[in-house]
Amino acid sequence: GGLSQVRAVAAGYDFSLALREDGTVTAWGRNDYGATTVPDDLADVKEISANYYHSIALLENGRMVAWGNNEFGQTDVPEGLEEATSVSAGGFHSLALKTNGEVVA
């Protein structure tokens with residue numbers, strides 16, 4: 001059993017994410033607040049992160065996609081956020097590091 005062709009994994013409170021070699025994301029576990037409801041059109045993912053009840057993905061084009069609990073705005077992606085090189089899901093917030101070294105919350 002298990003998943004194959006996995007490039008990275010991330011763990012939320014009681015759910016998990018796997019980034020597949022083809023750039024898609026697989027999620028399993030409790031789906032409180034939609035944390036495992038991966039957007040249907042999510043593709044070309046280069047990095048994933050998860051925490052408590054939300055998930056985020058960094059796309060190859062430098063954009064960020066977030067889903068799950070948004071009680072504190074943690075899945076609100078700032079308008080115009082592009083050129084991100086890394087993302088991280090905090091307990092009740094999300095961060096993106098841009099190519100110019102700027103951190104966006």
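Values reported hereafter were calculated over all heavy atoms of this structure, with side chains retained and with hydrogens, waters and symmetry mates removed. Numbering starts at 1 and runs along the sequence shown.
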Colleague: Hey, does the side chain of Asp44 reach the backbone of Leu59 with a donor-acceptor pair shorter than 3.5 angstrom?
Modeller: no
Colleague: Roughly how far apart are Asn70 CG and Phe72 CZ, rounded to 0.5 Å?
Modeller: 10.5 Å
Colleague: Can you give me the closest heavy-atom contact between Tyr52 and Gly91, atom names plus distance?
Modeller: CD1-CA, 3.1 Å
Colleague: Return each pair, listed once, that meets salt bridge (Lys or Arg N to Asp or Glu O under 4.0 Å) where at least one residue sits in residues 45-54; pairs must be two or more places apart or across chains.
Modeller: none
Colleague: Does any pair with a residue in residues 78-101 pass salt bridge (Lys or Arg N to Asp or Glu O under 4.0 Å), and if so which ones, sequence neighbours excluded?
Modeller: Lys98-Glu102
Colleague: Can you tell me how far apart CZ (Phe15) and OG1 (Thr37) are? Round to the nearest 0.5 Å.
Modeller: 10.5 Å
Colleague: Hydrophobic cluster mates of Leu81, side-chain heavy atoms under 4.5 angstrom, ILVMFWY only, any path?
Modeller: Ile56, Leu58, Met64, Val77, Val87, Val104
Colleague: Spell out, yes or no, whether Leu3 and Val9 are grouped together once hydrophobic residues are joined by side-chain heavy atoms under 4.5 Å, including indirect joins.
Modeller: yes
Colleague: Closer than 3.5 angstrom, by distance alone: can the side chain of Ser55 be matched with the main-chain N or O of Ala35 as a donor-acceptor pair?
Modeller: yes
Colleague: On a heavy-atom basis, which atom in Ala96 and which in Ala84 lie closest, and how many Å separate them?
Modeller: CB-CB, 4.3 Å
Colleague: Rounded to the nearest 0.5 Å, what separation is found between the CG atom of Leu19 and the CD1 atom of Ile48?
Modeller: 5.0 Å
Colleague: I need the full list of side-chain hydrogen bond (donor to acceptor under 3.5 Å, both in side chains) pairs touching residues 16-28, with sequence neighbours left out, sorted by first then second residue.
Modeller: Arg20-Thr26, Asp22-Thr24
Colleague: Rounded to the nearest 0.5 Å, what separates atom OH in Tyr53 from atom CD in Gln74?
Modeller: 11.5 Å
Colleague: If I take atom CG from residue Asp32 and atom CG from residue Asn69, how far apart are they, to the nearest 0.5 angstrom?
Modeller: 9.5 Å
Colleague: For Val103 and Leu95, run side chain to side chain contact (heavy atoms under 4.5 Å, CB included): C-alpha distance rounded to whole Å, both residues' side-chain angles, the deciding distance at 0.1 Å, then the answer.
Modeller: CA-CA 7 Å; Val103 175; Leu95 301 173; 4.3 Å; yes
Colleague: Compare every heavy atom of Ala89 with every heavy atom of Asn51, then report the nearest pair and how far apart it is.
Modeller: ND2-O, 3.2 Å
Colleague: Can you name the side-chain hydrogen bond (donor to acceptor under 3.5 Å, both in side chains) partners of Arg7, sequence neighbours left out?
Modeller: none
Colleague: Looking at every heavy atom in both Ala10 and Ala50, which two are closest together, and how far apart are they?
Modeller: CB-N, 4.0 Å
Colleague: Thr85: what forms a side-chain hydrogen bond (donor to acceptor under 3.5 Å, both in side chains) with it, not counting sequence neighbours?
Modeller: none
